[in-house]
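Per chain, numbering begins at 1; letters A, B, ... match sequence-line order.
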Number of protein chains: 2
Amino acid sequence: MAIVPKRNQYALRAIFELAKHQGKGPQKISEIARAQAIPLRFLEVILGQLKGTGWVESKRGFYGGYLLKCSPGDITVGDVLRFMQGNARTMDCVACISKHDCPFNGECAFASMWNKVNEAMFKIYDETTIQDLIDKERKKAGASAKMV
Amino acid sequence: MAIVPKRNQYALRAIFELAKHQGKGPQKISEIARAQAIPLRFLEVILGQLKGTGWVESKRGFYGGYLLKCSPGDITVGDVLRFMQGNARTMDCVACISKHDCPFNGECAFASMWNKVNEAMFKIYDETTIQDLIDKERKKAGASAKMV
DNA sequence: AGTTTCTTGACTCTCATAGTCAAGAAAGCG
DNA sequence: CGCTTTCTTGACTATGAGAGTCAAGAAACT
């Protein structure tokens, strides 16, 4: 249960990767795909969607690729997931379990619990910026560097 | 995202319904299905699985049906969801996003966030007993009764 | 002109979830 | 006992979303 679709995970990873590369010019799709273990063709689709957010910019040609336009501290995981969600064909996640999924139209005994769960999840998502994730990775890398 | 499968929702509703009926003898599958808007044939399957938990008992024959064997205060939503999860063929929810789903084997920057989310969800699930849900419904029913 | 890259959108594949069905066994009733 | 009602079992089908693929074309740079 509570599965985050791969597409959404990939979107997060792609932005994460772009964030780490920020300041070094455009990064090719193929590079991102390799670094984050994302199927290339699938990533093309996802990055195309992400352009709609304005967080991301593309450049064609030899030195082309993708760029992150804004600061990693300004994008939260929640932002990305919400966008990807709105982008999916099924809008059945208004309240984790949607009202139109509930035969009692949200009036059932479970509704408030599902809402609480959804809120708890997004509290975490909204508290976590892409920058936080980078910091976390740096710390881990530092820890294992000690052992070398 | 973060969708709880119908099967799991149905299992919760079925137990909830049995809990409300406790003390009034066995309750027929067809009754439960009607009361909770669950497809009859599908509910048969789910109740069959739930028998494996010991929370639920069945009686055949004319006055047959299903019974809740234990107190609604002793079963949490978390218990039910965990059972239904283990029952599914795909065990890809060890940490919301499973390690074997993560190309970095759980060592990626996202791992701790997924874990936090999973914990936050189950904190709520584990805090909520079936009895709590009944109480919640009673309160709601009381509130609307005032208007009549 | 010629690479190299992104762009677009349609296309296929796969599989979990959802839901169905039918024949049979237990339990009680008359 | 014979009849009805109910659960029981397990195999079966359907559907849709998610995952992934592909190819022809357009921009950008050398």
Side-chain angles (χ1 to χ4, degrees), chain A residues 1-11 13-14 18 25-34 36-52 56-67 69 81 84-93 97-98 100-101 103, chain B residues 1-11 13-14 18 25-34 36-52 56-69 81 84-93 97-98 101 103:
Chain A
M1 87 217 63
I3 279 170
V4 177
K6 296 232 177 185
R7 185 190 284 123
N8 299 11
Q9 297 183 50
Y10 291 159
R13 289 234 203 85
L18 285 173
Q27 190 175 19
K28 291 169 197 159
I29 295 187
S30 56
E31 234 181 288
I32 303 171
R34 208 165 354 91
Q36 292 293 327
I38 302 170
L40 176 64
R41 306 285 193 177
F42 200 17
L43 181 56
E44 287 177 1
V45 175
I46 293 164
L47 282 172
Q49 297 185 337
L50 282 176
K51 276 206 350 179
V56 145
E57 202 178 26
S58 65
K59 246 198 154 86
R60 294 203 250 206
F62 196 101
Y63 292 112
Y66 273 84
L67 293 152
K69 271 176 75 177
L81 292 182
M84 292 306 286
Q85 191 51 32
N87 223 4
R89 20 249 195 228
T90 52
M91 259 311 283
D92 59 346
C93 192
I97 282 74
S98 72
H100 100 288
D101 237 24
Chain B
M1 87 214 69
I3 280 171
V4 176
K6 296 232 176 183
R7 184 190 285 122
N8 299 10
Q9 297 184 50
Y10 291 159
R13 289 234 202 85
L18 285 173
Q27 189 174 20
K28 292 169 196 160
I29 296 187
S30 55
E31 233 181 290
I32 303 172
R34 208 166 354 92
Q36 293 293 327
I38 302 171
L40 176 65
R41 306 285 193 174
F42 201 17
L43 181 57
E44 286 177 1
V45 176
I46 292 164
L47 282 172
Q49 297 184 338
L50 282 175
K51 276 205 352 178
V56 144
E57 202 177 26
S58 65
K59 247 200 155 84
R60 295 203 248 203
F62 196 101
Y63 294 112
Y66 273 84
L67 293 152
L68 192 67
K69 271 176 76 178
L81 292 181
M84 293 306 285
Q85 191 51 32
N87 223 5
R89 20 255 194 219
T90 50
M91 259 312 283
D92 60 345
C93 192
I97 281 75
S98 73
D101 238 23

Exercise. Which nucleotide in the set C:dC6, D:dA19, D:dT8 lies at the smallest distance from any side-chain heavy atom of A:Tyr66?
Worked result: C:dC6
Exercise. Looking at side-chain heavy atoms only, is the closest gap between B:Val56 and B:Leu67 below 4.5 Å?
Worked result: no
For this session: Would you kindly give the CD-to-C1' distance between B:Gln85 and C:dA16, to the nearest whole Å?
Result: 12 Å
Problem set entry | Those residues that, when tested against A:Phe62, pass ring-ring contact (aromatic ring centres under 6.0 Å, His included) (two or more places apart) | none
Problem set entry | Nearest-neighbour nucleotide for the B:Lys51 side chain, C:dG19, D:dT8, D:dC22 considered | D:dT8
Exercise. Which nucleotide, D:dT9, C:dA18, D:dG20, lies nearest any side-chain atom of B:Phe42?
Worked result: C:dA18
Exercise. Between D:dC7 atom C1' and B:Ile46 atom CD1, what is the distance in whole Å?
Worked result: 16 Å
For this session: Quick one: list whatever passes ring-ring contact (aromatic ring centres under 6.0 Å, His included) with B:Tyr63, sequence neighbours left out.
Result: none
For this session: Take atom CG of B:Leu50 and atom P of D:dT8, then tell me their distance rounded to the nearest Å.
Result: 12 Å
Exercise. Hey, does A:Ile29 reach any base, or is it just sugar-phosphate, or nothing, if we go heavy atoms under 4.0 Å?
Worked result: sugar-phosphate
For this session: Taking only the side-chain heavy atoms of A:Pro39 (C-beta and beyond), determine which of D:dC22, D:dG20, D:dA19 contains the nearest atom.
Result: D:dG20
Exercise. Would you say D:dT6 has OP1 or OP2 under 4.0 Å from some side-chain N or O of B:Ser58?
Worked result: no
For this session: Provide, to the nearest angstrom, the distance between the NZ atom belonging to B:Lys28 and the P atom belonging to C:dA26.
Result: 21 Å
Exercise. Between B:Gly61 and A:Phe62, which has a closest nucleotide on DNA chain D that is more 5'?
Worked result: B:Gly61
For this session: Give the minimum heavy-atom separation between A:Asn8 and A:Met84, together with the two atoms involved.
Result: OD1-CB, 3.4 Å
Exercise. So which nucleotide from C:dT20, C:dA27, D:dA28 ends up closest to the side chain of A:Arg60?
Worked result: D:dA28
Problem set entry | Straight-line distance of A:Glu57 CD to A:Leu18 CG, nearest 0.5 Å | 11.5 Å
For this session: Return the value, rounded to whole Å, for the distance between atom CD of B:Glu44 and atom P of D:dA11.
Result: 16 Å
Seminar exercise, completed: In whole angstroms, the gap separating P of D:dC7 from CG of B:Leu18 amounts to 11 Å
For this session: In whole angstrom, give the distance that lies between atom NZ of A:Lys59 and atom P of D:dT30.
Result: 11 Å
Problem set entry | Listed nucleotide nearest any side-chain atom of B:Tyr63, set D:dA19, C:dA18, C:dG28 | C:dG28
Exercise. If you check the B:Lys6 side chain, which of C:dA18, D:dT21, C:dC21 turns out closest?
Worked result: C:dA18
Exercise. Taking CZ from A:Arg41 and P from D:dA24, how many angstroms apart are they, rounded to a whole number?
Worked result: 11 Å
Problem set entry | OP1 or OP2 of D:dG20 under 4.0 Å from side-chain N/O of A:Tyr10 | yes
